[in-house]
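In each ligand, atom 1 is the first atom listed, and ligand 1 is the first ligand listed.
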Amino acid sequence: MIECYDIIKQYGKDCKALDGISEDIKDGEFLAIIGESGSGKSTFLNILGMIDTKDSGAIMFDGINYDDLSKKEAAQFRNQKLGYIFQNFYLEPEYTVYKNVEIPLLIAGYSEKQRKVMIENTLKKVQMKHKINQLAKNLSGGEKQRVCIARALVNEPEVILADEPCGNLDSQNTQNILQILKQLNKEGKTIIMVTHSKSDAAIADRCITFKDGKIMNEKTV
Ligand SMILES: Nc1ncnc2c1ncn2[C@@H]1O[C@H](COP(=O)(O)OP(=O)(O)OP(=O)(O)O)[C@@H](O)[C@H]1O
Ligand SMILES: [Mg+2]
């Protein structure tokens with residue numbers, strides 16, 4: 001589904017954040033990415049998610065080359081095909097849960113009626129429907145992360161990119177989030193999750209390790 005060829009990303013003169021990453025991610029796969037701090041995990045995810053650009057190499061998504069998309073096409077592609085979960089939430093604190101989850105649907109142009117149904121159904125999935133009218137700033141960490149997942153999901157993307165989705169959570173909330181991701185994967189979503197934790201990575205089908213911008217070893221978990 002996603003094919004990466006020799007991706008290189010350099011910051012300044014000395015820092016090769018990605019030093020030739022080639023990797024295939026299959027449709028419906030749950031891939032974990034682990035590796036030391038600074039090894040390039042977030043950079044890789046951001047490039048896959050079109051949040052950042054590569055210096056060279058190629059990415060194909062279902063046969064579409066990222067480089068062939070215009071800015072407008074890329075924005076649309078991102079909105080429709082990719083859902084992104086960040087470690088630090090990035091919710092709008094003064095917005096309600098409803099309004100936060102609504103953002104990608106507004107971009108995609110759904111009607112108010114469609115939006116309401118989609119938002120309610122998605123919040124049900126992450127067990128947050130009861131907090132639909134609460135301001136994001138008043139949620140707990142685990143609740144915020146579930147709203148982030150809802151926001152990433154509401155558009156029915158094909159791929160979920162998660163950068164340390166449990167990084168700020170206690171063990172109970174971590175388990176909740178991992179179970180939600182696992183369930184989404186069972187329902188057919190492709191999931192790419194960056195994590196510091198080997199035990200969190202064990203929930204994935206496959207785990208790759210980054211070191212100094214390269215992929216070290218590959219093993220099936
Ligand atoms: N915007 C930037 N400008 C300069 N250097 C950057 C930038 N973003 C990342 N880097 C550097 O690129 C390298 C890879 O960073 P990246 O954030 O991908 O690491 P990571 O594996 O996600 O680390 P962590 O586990 O700490 O999140 C690091 O050395 C980092 O300092
Ligand atoms: Mg990172």
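Between Tyr66 and Phe61, the two ring planes are parallel [angle under 30°; tilted spans 30° to 60°].
With respect to atom 12 (O) of ligand 1, the closest heavy atom belonging to the protein is Ala17 CB, 3.4 Å. Looking only at protein heavy atoms, the nearest one to atom 28 (C) of ligand 1 is Gly38 O, 3.8 Å. Among protein heavy atoms, the minimum distance from atom 25 (O) of ligand 1 is reached at Lys41 NZ, 2.7 Å. Given atom 9 (C) of ligand 1, the protein heavy atom at minimum distance is Tyr11 CE1, 3.4 Å. If you check which protein heavy atom lies closest to atom 26 (O) of ligand 1, you get Ser37 OG, 2.5 Å.
Note that atom 30 (C) of ligand 1 has no protein non-hydrogen atoms nearby, at separations under 4.0 angstrom.
In this structure, Lys9 has no heavy atom closer than 4.0 Å to ligand 1. Not a single heavy atom of Gly35 sits closer than 4.0 Å to an atom of ligand 1.
For ligand 1, the atoms sitting less than 4.0 Å from at least one non-hydrogen atom of Ser42 are 17 (O), 18 (O), 20 (P), 22 (O), 27 (O), numbered in the order shown with element in parentheses. Near Glu164, the atoms of ligand 1 lying under 4.0 angstrom from a non-hydrogen atom of the residue are 25 (O), 27 (O). Near His196, meaning under 4.0 Å from one of its heavy atoms, ligand 1 places the atoms 25 (O).
Checking Ser197 against Thr195 by side-chain atom types alone, no donor-acceptor pair falls below 3.5 Å.
Ion pairing of Asp55 with Lys16 is absent here, as no side-chain N (NZ or NE/NH1/NH2) approaches a carboxylate O to less than 4.0 Å. Salt bridge status for Glu120 with Lys116: present, with a side-chain N to carboxylate O gap under 4.0 Å. Electrostatic pairing of Glu94 and Lys137 counts as a salt bridge here, judged by a charged N lying under 4.0 Å from a carboxylate O. Salt-bridge annotation for Lys81 and Glu156: absent, with no side-chain N of the basic residue lying under 4.0 Å from a carboxylate O of the acidic one. Using a cutoff of 4.0 Å between basic side-chain nitrogens and carboxylate oxygens, Glu92 and Arg151 are not scored as salt-bridged.
The Mg ion (ligand 2) has an N, O or S atom of Ser42 inside 2.8 Å of it.
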* To do: Check the pair Asp6, Ile21 against side-chain contact (heavy atoms from CB on, under 4.5 Å), reporting the backbone distance first and the verdict last.
  => CA-CA 5 Å; Asp6 203 19; Ile21 299 289; over 6 Å; no

* **Test salt bridge (charged side-chain N to carboxylate O under 4.0 Å, His left out) applied to Glu187 and Lys182, step by step** => CA-CA 9 Å; Glu187 291 169 13; Lys182 190 76 190 168; over 6 Å; no

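At a heavy-atom cutoff of 4.0 Å, ligand 1 is contacted by the backbone of Glu36 but not by its side chain.
Inclusion of Cys15 in the set of residues having an N or O under 3.5 Å from an N or O of ligand 1 is not warranted.
Of all the listed residues (Thr43, Leu18, Asp14, Asn46), Thr43 holds the heavy atom that lies closest to atom 16 (P) of ligand 1.
For the side chain to side chain contact (heavy atoms under 4.5 Å, CB included) with Leu161, the lone residue among Asn46, Val194, Leu45 that qualifies is Leu45.
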